[in-house]
Number of protein chains: 2
Amino acid sequence: MTLTTAEENYLKAIYHLSEGGTKSVSTNDVAAEMKTKPASVSDMLRKLGDKQVIEYRKYYGVNITEEGKKRALQTIRKHRLWEVFLVDKLQFAWDEVHEVAEELEHIQSPLLIQRLDAYLNYPKFDPHGDPIPDEYGDVRARPRLALIEMEVDQSGQIVAVKDSSAAFLKYLDKVGAYIGARIKILDKVEFDGSMEILVDQKKTLFMSKDVAANILAIQS
Amino acid sequence: MTLTTAEENYLKAIYHLSEGGTKSVSTNDVAAEMKTKPASVSDMLRKLGDKQVIEYRKYYGVNITEEGKKRALQTIRKHRLWEVFLVDKLQFAWDEVHEVAEELEHIQSPLLIQRLDAYLNYPKFDPHGDPIPDEYGDVRARPRLALIEMEVDQSGQIVAVKDSSAAFLKYLDKVGAYIGARIKILDKVEFDGSMEILVDQKKTLFMSKDVAANILAIQS
DNA sequence: TTATTGATTTAGCCTTGGCTAAAAATAAAA
DNA sequence: TTTTATTTTTAGCCAAGGCTAAATCAATAA
């Protein structure tokens, strides 16, 4: 049983909306996420229900099934692998890749993805720091925490930002921090919560607690 | 003015059917090429005519316009660049790439193609020996040369024979050479001018200098 | 010149994935 | 408990790309 491109996109949206909570996802939420109308969503939910990738009870929203979760994770895997390709191999900036990956993720060829994965050296995170599921849909996500939550002397790697406004990204770029950077906490100032961070074992960076709260890292 | 995936595929088919001859392409020919029905083709020709990429006169077939030719060549360029990527970077066999490239060629991103071209080092031929149009749609003419003129380790594709007598073609068929075959020169014997040729990456062929002088190939 | 044949187009229908407007069901407030 | 507000579904329509069957045009043969 195959899914169309539109169906794959809906399923991915439902998967994302389901993350965290255990409650059903509402038709309205899906419509907002997909930038479409609730009426269109109702039709699609019926189709996805028929295909067993979601459990759909009229008027009560949907829950994604195990099969659906597996499908969604495959699509997410493809999306994120393509993002790595675009950034690592084709020199795209990490904030330029989403649209293109959105198209590439629907190419149907298991061999292609297998080979791409190998070619990229089996990456575990995409350029935004989001984990890449393996071919069975397993995500080995190390817990992400804000820099502000880390202790002095802990090391890690920047994997994402909470606030991805242009202003903030520009700031990060200016001071020399970036997704993927290796960092170590050198000091935390009790007084104002500001921090001193070692970047790539050479550059020392001072940041306010507001900035430190907006940068997510994995510990190593 | 953008073309849908279906329109791009029709236009590509019409371009290929136009190659060589100057006569109009018939609805039936397009239907055969697209593996669809003439009735469906009529509708599509009207649409492509409206978009000015073909000149369509009811009952008299179509001619591709300059704009249409440019569009078709862009699609062909994308297709062939992706084929090079799949073979050179992802280790696909040259006869496994067509289907996947058929999907990849419709990804919309000029930047992607520009970068891919650079990443592949501006290849001039795809893995089948077909030329890759540049970003303005210019196609470099394929220099044909006799096998006897090629050097050891050069690769290419058989594109024609000088002597097309039945006897010679029968001989070619018997030894497993054919128009379109991918070949690589393994050895040239100084003594008698005979050659050792690898055909389709698997079969080794010995041929006299008379035979090698009668087979034309393009280098890749 | 007319009749016939073969190619082509038109008419009408199907599916997918959108939409709006109206109806219906649920949830919240009185 | 009944009314009201909100959410969701249904009904009916649209465009893209397919299809079949029927009509029409162009080219050929008589």
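Treat the numbers as computed from the prediction; the structure is a model and nothing was measured. Order of the sequence lines sets the chain letters (A, B, ...), proteins ahead of strands, with each chain counted from 1. What you see below is based on every heavy atom in this structure, not just the backbone, and it leaves out hydrogens, waters and symmetry mates.
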Notebook entry, point to check: Of all the nucleotides listed (D/dG18, D/dC25, C/dC19), which has the minimum atom distance to the side chain of B/Tyr10?
Noted result: D/dG18
Checklist line | Shortest side-chain distance from B/Tyr60, nucleotide among D/dA26, D/dT9, D/dA16 | finding: D/dA26
Item checked: Heavy-atom pair with the smallest gap, counting every atom of B/Phe125 and B/Val84 -> O-CG2, 3.6 Å
Checklist line | N or O in side chain of A/Lys58 less than 4.0 angstrom from D/dT10 OP1/OP2 | finding: yes
Checklist line | Spacing between B/Tyr56 atom OH and C/dT10 atom P, to the nearest angstrom | finding: 6 Å
Checklist line | Lys/Arg-Asp/Glu bridge criterion (N-O < 4.0 Å) met for A/Arg144, A/Asp130 | finding: yes
Item checked: Between D/dG17 (C1') and B/Leu3 (CG): distance, integer Å -> 15 Å
Next item on the list: Could you pull out the closest heavy-atom pair between B/Asn28 and B/Pro38, with the gap in Å?
Entry: OD1-CG, 3.3 Å
Next item on the list: Report yes if at least one side-chain N or O of A/Ser42 is closer than 4.0 Å to OP1 or OP2 of D/dT10; otherwise report no.
Entry: no
Notebook entry, point to check: Of all the choices, D/dT9, C/dG17, C/dT10, which nucleotide is nearest to the side chain of A/Ala6 once you look at every atom?
Noted result: C/dG17
Checklist line | Atom pair distance, as rounded to whole Å: CE in A/Met44 and C1' in C/dT16 | finding: 8 Å
Notebook entry, point to check: Can you check the B/His106 NE2 to D/dG17 P distance for me, whole Å?
Noted result: 12 Å
Notebook entry, point to check: Do A/Asp210 and A/Ser208 have a side chain donor and acceptor closer than 3.5 Å?
Noted result: no
Notebook entry, point to check: Among D/dA16, C/dC19, C/dT10, which is the nearest nucleotide to the side chain of A/Ser40?
Noted result: C/dC19
Note to self: Exactly one of A/Glu103, A/His106, A/Glu105, A/Gln74 should register a side-chain hydrogen bond (donor to acceptor under 3.5 Å, both in side chains) with A/His79. Which one does?
What the structure shows: A/Glu105
Notebook entry, point to check: Does NZ or CZ of B/Lys89 lie under 6.0 Å from the centre of the six-membered ring of A/Phe85, at an angle within 45° of the ring axis?
Noted result: no
Checklist line | Rounded distance (Å) that lies between atom P of D/dT10 and atom CG of A/Leu45 | finding: 11 Å
Margin query: Please pick, from D/dC19, C/dT26, C/dG17, the nucleotide with the shortest atom-to-atom distance to any side-chain atom of B/Asp43.
Written below: D/dC19
Note to self: Please report the distance, rounded to the nearest Å, between CG in A/Asn9 and P in C/dG18.
What the structure shows: 9 Å
Item checked: Euclidean distance, atom CG of residue A/Asp50 to atom C1' of C/dG17 [Å, nearest integer] -> 15 Å
Next item on the list: Rounded to the nearest angstrom, tell me the gap between atom CZ in B/Arg57 and atom C1' in D/dC25.
Entry: 13 Å
Notebook entry, point to check: Closest to the B/Tyr59 side chain: C/dG18, D/dC25, D/dG17?
Noted result: D/dC25
Checklist line | Sidechain N-carboxylate O distance under 4.0 Å for B/Glu7, B/Lys47 | finding: no
Item checked: Within residues 24-37 of chain B: residues closer than 4.0 Å to DNA chain D (heavy atoms) -> B/Thr36, B/Lys37
